[in-house]
Amino acid sequence: MANYLELLEKASVHQLDVERKSLFWILGNNQDLYSKINHIYDFNDNSIKLECLESSNVDFCNSSRNLIKLGFNLYNGYPADVLSVFSSLDDANFEVATKALRIRFDHV
């Protein structure tokens, strides 16, 4: 939770910005993604870095890559195969993903 709150503050996320909140929930609650946040999100431009998914500068495991795709989808509609995303997740990341959905669709 602390990482999530830190990301919200760093990006000056408005309380009603459920798109960015859902993205940061995913990025803040997965330690691998949180440690690579500067490859995924540009805090100067306040925007996602789509190129991170194809970049050789950072390595993501399959489940991390799928979580990023889900986060980008919740943020701006980036194409994500929901079956692929959820089938690659362990229990902890499944919970992170479902909570992000609840945040995005304002069911928290």
Side-chain angles (χ1 to χ4, degrees):
M1 180 67 115
N3 293 343
Y4 169 68
L5 296 174
E6 176 189 319
L7 295 174
L8 293 181
E9 184 176 327
K10 187 172 182 178
S12 301
V13 175
H14 187 276
Q15 184 175 351
L16 298 177
D17 187 349
V18 293
E19 293 87 356
R20 206 173 312 268
K21 283 175 139 181
S22 62
L23 169 67
F24 285 146
W25 181 263
I26 291 170
L27 301 179
N29 284 285
N30 176 285
Q31 195 55 47
D32 181 47
L33 298 181
Y34 181 74
S35 70
K36 299 171 182 171
I37 188 68
N38 291 320
H39 294 281
I40 302 167
Y41 194 84
D42 184 331
F43 288 94
N44 292 323
D45 291 338
N46 229 3
S47 63
I48 57 175
K49 296 181 175 182
L50 290 173
E51 66 276 6
C52 75
L53 292 168
E54 306 302 324
S55 174
S56 61
N57 294 332
V58 63
D59 186 35
F60 298 113
C61 67
N62 189 45
S63 62
S64 290
R65 184 177 303 281
N66 281 328
L67 280 173
I68 292 169
K69 288 178 182 178
L70 177 63
F72 285 1
N73 178 270
L74 295 172
Y75 174 73
N76 73 352
Y78 178 88
D81 179 353
V82 175
L83 290 176
S84 292
V85 168
F86 281 91
S87 68
S88 72
L89 302 179
D90 61 17
D91 289 345
N93 284 322
F94 183 90
E95 292 301 319
V96 169
T98 55
K99 172 73 175 194
L101 289 169
R102 294 181 69 75
I103 290 169
R104 172 62 176 85
F105 296 105
D106 203 27
H107 296 290
V108 288

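Side-chain atoms are counted along with the backbone in the values below, which use heavy atoms only and exclude waters and symmetry mates.
- Formation of a donor-acceptor pair under 3.5 Å by the Lys49 side chain with backbone atoms of Asn38 is found in this model.
- For CG of Asp90, the number of neighbouring non-hydrogen atoms (other residues, nucleotides, ligands) closer than 6.0 Å is greater than 12.
- For Gln15, the CD atom counts as loosely surrounded, since its 6.0 Å shell holds 12 or fewer non-hydrogen atoms of other residues, nucleotides or ligands.
- Shown here for Ser22 and Ile103, the closest heavy-atom pair between the two residues is N-CG2, 3.7 Å.
- Residues Asn44 and Asp42 approach most closely at N-OD1, 2.8 Å, considering heavy atoms.
- A side chain to side chain contact (heavy atoms under 4.5 Å, CB included) with Ser64 is found for exactly one of Asp59, Ile40, Asn30, namely Asn30.
- Once rounded to the nearest 0.5 Å, the distance linking CG of Leu5 with CH2 of Trp25 reads 8.0 Å.
- Note on Met1 and Val18: separate hydrophobic clusters, where clusters join Ile, Leu, Val, Met, Phe, Trp and Tyr whose side-chain heavy atoms are under 4.5 Å apart, directly or indirectly.
- Here the shortest heavy-atom pairing between Tyr78 and Asn73 reads O-ND2, 2.6 Å.
- Between Leu33 and Ile37, the closest side-chain pair of non-hydrogen atoms is not below 4.5 Å.
- No donor-acceptor contact under 3.5 angstrom links the side chains of Glu9 and Tyr4, judged on distance only.
- When Leu7, Leu8, Leu74 are each tested for a side chain to side chain contact (heavy atoms under 4.5 Å, CB included) with Lys21, only one passes: Leu8.
- Rounded to the nearest 0.5 angstrom, Asp106 CG and Leu101 CG are separated by 13.0 Å.
- Residues Glu6 and Tyr34 form a side-chain contact, since some pair of their non-hydrogen atoms from C-beta on lies under 4.5 Å apart.
- Taking each heavy atom of Asp32 and Phe60 in turn, the nearest pair found is OD2-CD2, 4.4 Å.
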* I would like to know whether Leu23 and Arg104 meet side chain to side chain contact (heavy atoms under 4.5 Å, CB included); could you show each step before the answer? => CA-CA 9 Å; Leu23 169 67; Arg104 172 62 176 85; over 6 Å; no
* Step by step, work out the side chain to side chain contact (heavy atoms under 4.5 Å, CB included) result for Asn29 and Asn3. => CA-CA 7 Å; Asn29 284 285; Asn3 293 343; over 6 Å; no
* Pair Glu54-Glu51, side chain to side chain contact (heavy atoms under 4.5 Å, CB included): steps then yes or no -> CA-CA 5 Å; Glu54 306 302 324; Glu51 66 276 6; 5.8 Å; no
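- In this structure, the side chains of Arg20 and Asn46 come closer than 4.5 Å at one or more pairs of heavy atoms.
- Summarising the geometry of Leu53 relative to Lys69, their closest heavy-atom pair is CD1-CG, 4.1 Å, with the distance given to 0.1 Å.
- The shortest non-hydrogen separation linking Cys52 to Ile68 is SG-CG2, 4.3 Å.
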* **side chain to side chain donor-acceptor pair (under 3.5 Å) between Ser88 and Asn66, worked out** => CA-CA 8 Å; Ser88 72; Asn66 281 328; 3.0 Å; yes
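- For an aromatic pair to be called close, the ring centres must be under 6.0 Å apart, and Tyr41 with Phe24 satisfies this.
- To the nearest 0.5 Å, atom CG of residue Leu89 and atom OG of residue Ser84 are 10.5 Å apart.
- Residues Ser12 and Phe43 fail the side-chain proximity criterion, which asks for heavy atoms closer than 4.5 Å.
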